[in-house]
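Everything below concerns the one structure shown next.
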Protein chains: 2
Amino acid sequence: MKTVQTINDLTNFLECNKGKTIGFVPTMGYLHEGHLALLNMAREENEIVVASIFVNPAQFGPNEDLDRYPRDLERDTMLAAKAGVDALFVPTAKDMYPFESGITINAGELSNKLCGESRPGHFDGVLKVITKLFHLVQPTKAYFGQKDAQQLAIIETFVSAYNFPVQIIRVSTVRENDGLAKSSRNVFLSDSERIEAVHLYEALSIATETWKKTKDVNEAIAKGKSHIEQNTSGRIDYFDVLTYPNLKANIENAEQLLFATAVFFEKARLIDNIIVEVKEV
Amino acid sequence: MKTVQTINDLTNFLECNKGKTIGFVPTMGYLHEGHLALLNMAREENEIVVASIFVNPAQFGPNEDLDRYPRDLERDTMLAAKAGVDALFVPTAKDMYPFESGITINAGELSNKLCGESRPGHFDGVLKVITKLFHLVQPTKAYFGQKDAQQLAIIETFVSAYNFPVQIIRVSTVRENDGLAKSSRNVFLSDSERIEAVHLYEALSIATETWKKTKDVNEAIAKGKSHIEQNTSGRIDYFDVLTYPNLKANIENAEQLLFATAVFFEKARLIDNIIVEVKEV
């Protein structure tokens, strides 16, 4: 595996591998099994695998956890190499954002709900870095975890609306044995919070089961919320049911429904979701 | 020459020409010698030349001339074929904009001056269509006329800031014998306006000469404006001197200066500009 630290080195690496299919896994590092699932799928489906590690300042708000976002490049490098990555791109913020153009990408309506509501500008920053990374890597396929469902919905919509020549691959959420979704932020949970945190997924399961039985969204949300409130010390940021990938509250004629929640714990805000195929119900 | 009307047909054409260098000339049609200069340069520098004709609704304001923008596809097709274009892409608005994603690109500060001031949203629409066209055509080089200097500055900045894998080539303005810049909108001039219109370029020349002698921007602008006011029936939209490509009013340390003007005539708004290399002065 080659670790490339500059855009120039990345371009040289890609030049040497011209014509090959490229699977791309953009990450913020501190790799866990969720990332490894993305890397494994990219490895299976492409001739070349490029992964990036870049804690993107543009997607963190002024009061968010940019500075204390967990980092471990040595361990990440080892894990990426083991997963069969060909090139690990680890640019600096200065290399990615050498100047401020004043030209912005606005995620719009899709970002005014769920995680976007408490993280203004977050998805604009995601689209900014994804646009740059897609242009730099020019991947055949790019892999994203379903755990960040709103991010996935926005990127799928963006790629389709702006004709990016890349195929977006949705990869299922990887979970701990007890059901907690793998996340780099899980390290911030206290021991007791870690035990409580399993109830996010349980609440989502209760909500989807309720909806399947009753088709009553409000009842599904109420039951899910109440489960979290009764079983955790966390504060619910949102618990919502929207169409996927349009993220509309009016779920009539939806083909897929997103059941999603976010909960604030002492030092971590956790998210999780379940996507339900409506036609299968 | 192949005329391709759908994105699918374009993709098929490009698939058949994989690995070749592609020169791309995006236009709104009604081709004149300015466009032909772009096509000729693209023909010289690339294995494949793709041109597009698309009167982009996204870059016209509600009170602008979208409906009466001049069109002549038959003549354009003949001219493009003669210029050696390999594929002429003429999509419909429905093919280019099949749905509204709500995700927008905002040209920002660079668009709040010169033409952008009287055409709010214009450059956002330009960046929207250019992003889509660049992703669809994936050109090696794309050719733009210097006549639309603000557009060129914004696209150069956008491509650099967002790492589009394309080289932007600036092509000099092509002029009529008397100096009037070629433009699709010149057909809207009355006979007397057509005679007057030469004074846009003359005024810009007077302003650049004044600046070279005196280094006094205000004097240069005043002389240029006064020349247009005394010699035409048009109403000046702007006459300005800014740095290029940053489009800043503070010209200290600038390497290039843009002298630009726009003038409203009865049925047409004309623009023209001169870019001066500061170090050469």
Side-chain angles (χ1 to χ4, degrees), chain A residues 6-8 10-11 14-15 18-21 52 58 89 91 95-113 116 123-124 126-140 153-166 245-248, chain B residues 6-8 10-11 14-15 18-21 52 58 89 91 95-113 116 123-124 126-140 153-166 245-248:
Chain A
T6 66
I7 288 174
N8 261 346
L10 177 68
T11 308
L14 294 170
E15 195 58 42
K18 231 177 175 165
K20 295 185 185 162
T21 57
S52 64
F89 181 45
D95 209 20
M96 287 300 281
Y97 302 121
F99 71 102
E100 190 40 74
S101 69
I103 302 173
T104 54
I105 300 173
N106 190 312
E109 257 185 56
L110 287 167
S111 68
N112 300 335
K113 49 197 77 169
F123 290 108
D124 300 348
V126 169
L127 292 185
K128 184 176 191 174
V129 79
I130 281 298
T131 299
K132 290 170 69 75
L133 288 170
F134 281 179
H135 288 160
L136 289 167
V137 176
Q138 299 178 55
T140 319
I154 291 175
I155 290 173
E156 282 178 1
T157 304
F158 185 49
V159 161
S160 164
Y162 285 88
N163 307 93
F164 280 84
V166 60
N246 308 53
L247 308 183
K248 300 277 184 199
Chain B
T6 66
I7 288 174
N8 262 346
L10 177 68
T11 308
L14 294 170
E15 195 58 41
K18 231 175 174 167
K20 295 184 185 161
T21 57
S52 64
F89 180 43
D95 208 22
M96 287 300 280
Y97 302 121
F99 71 104
E100 191 39 77
S101 69
I103 302 172
T104 53
I105 301 173
N106 189 313
E109 255 184 59
L110 287 168
S111 68
N112 300 335
K113 49 197 77 169
F123 290 108
D124 300 348
V126 169
L127 293 185
K128 184 177 192 175
V129 79
I130 281 299
T131 299
K132 290 170 70 74
L133 289 170
F134 281 0
H135 288 160
L136 288 168
V137 176
Q138 297 178 56
T140 319
I154 291 175
I155 290 174
E156 281 178 2
T157 304
F158 185 49
V159 161
S160 164
Y162 286 88
N163 306 93
F164 280 83
V166 60
N246 308 53
L247 307 184
K248 301 276 186 201

*Can you list the steps and then say if L136(B) with N163(A) is a side chain to side chain contact (heavy atoms under 4.5 Å, CB included)?*
CA-CA 6 Å; L136(B) 288 168; N163(A) 307 93; 3.7 Å; yes
If you round to the nearest 0.5 Å, how far is [atom2] of [Y] from [atom1] of [X]?
X	Y	atom1	atom2	value
F123(B)	I103(A)	CZ	CD1	11.0 Å
T104(A)	Y162(B)	OG1	OH	6.0 Å
I105(B)	T131(A)	CD1	OG1	7.5 Å
F164(B)	Q138(A)	CZ	CD	11.5 Å

*Work out which heavy atom in S101(B) is nearest to a heavy atom in L110(A); give both atom names and the distance.*
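Smallest interatomic distance, heavy atoms only, reads O-CD1, 4.0 Å.
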*asked:* Is K18(A) close to chain B through its backbone or its side chain, or both, or neither, when contacts mean heavy atoms under 4.5 Å?
replied: neither
*Which answer fits I7(A), side chain, backbone, both or neither, if we ask what part of it has an atom under 4.5 Å from a heavy atom of chain B?*
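The side chain, not the backbone.
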*For the candidates A107(B), S111(B), G19(B), P98(B), which exhibits the highest count of non-hydrogen atom pairs separated by less than 4.5 Å from chain A?*
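Looking at each of A107(B), S111(B), G19(B), P98(B) in turn, A107(B) comes out on top.
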*How about E109(B): does its CD atom have over 12 heavy atoms from other parts shown lying under 6.0 Å from it?*
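No, because the 6.0 Å sphere around CD of E109(B) holds 12 heavy atoms or fewer from other groups.
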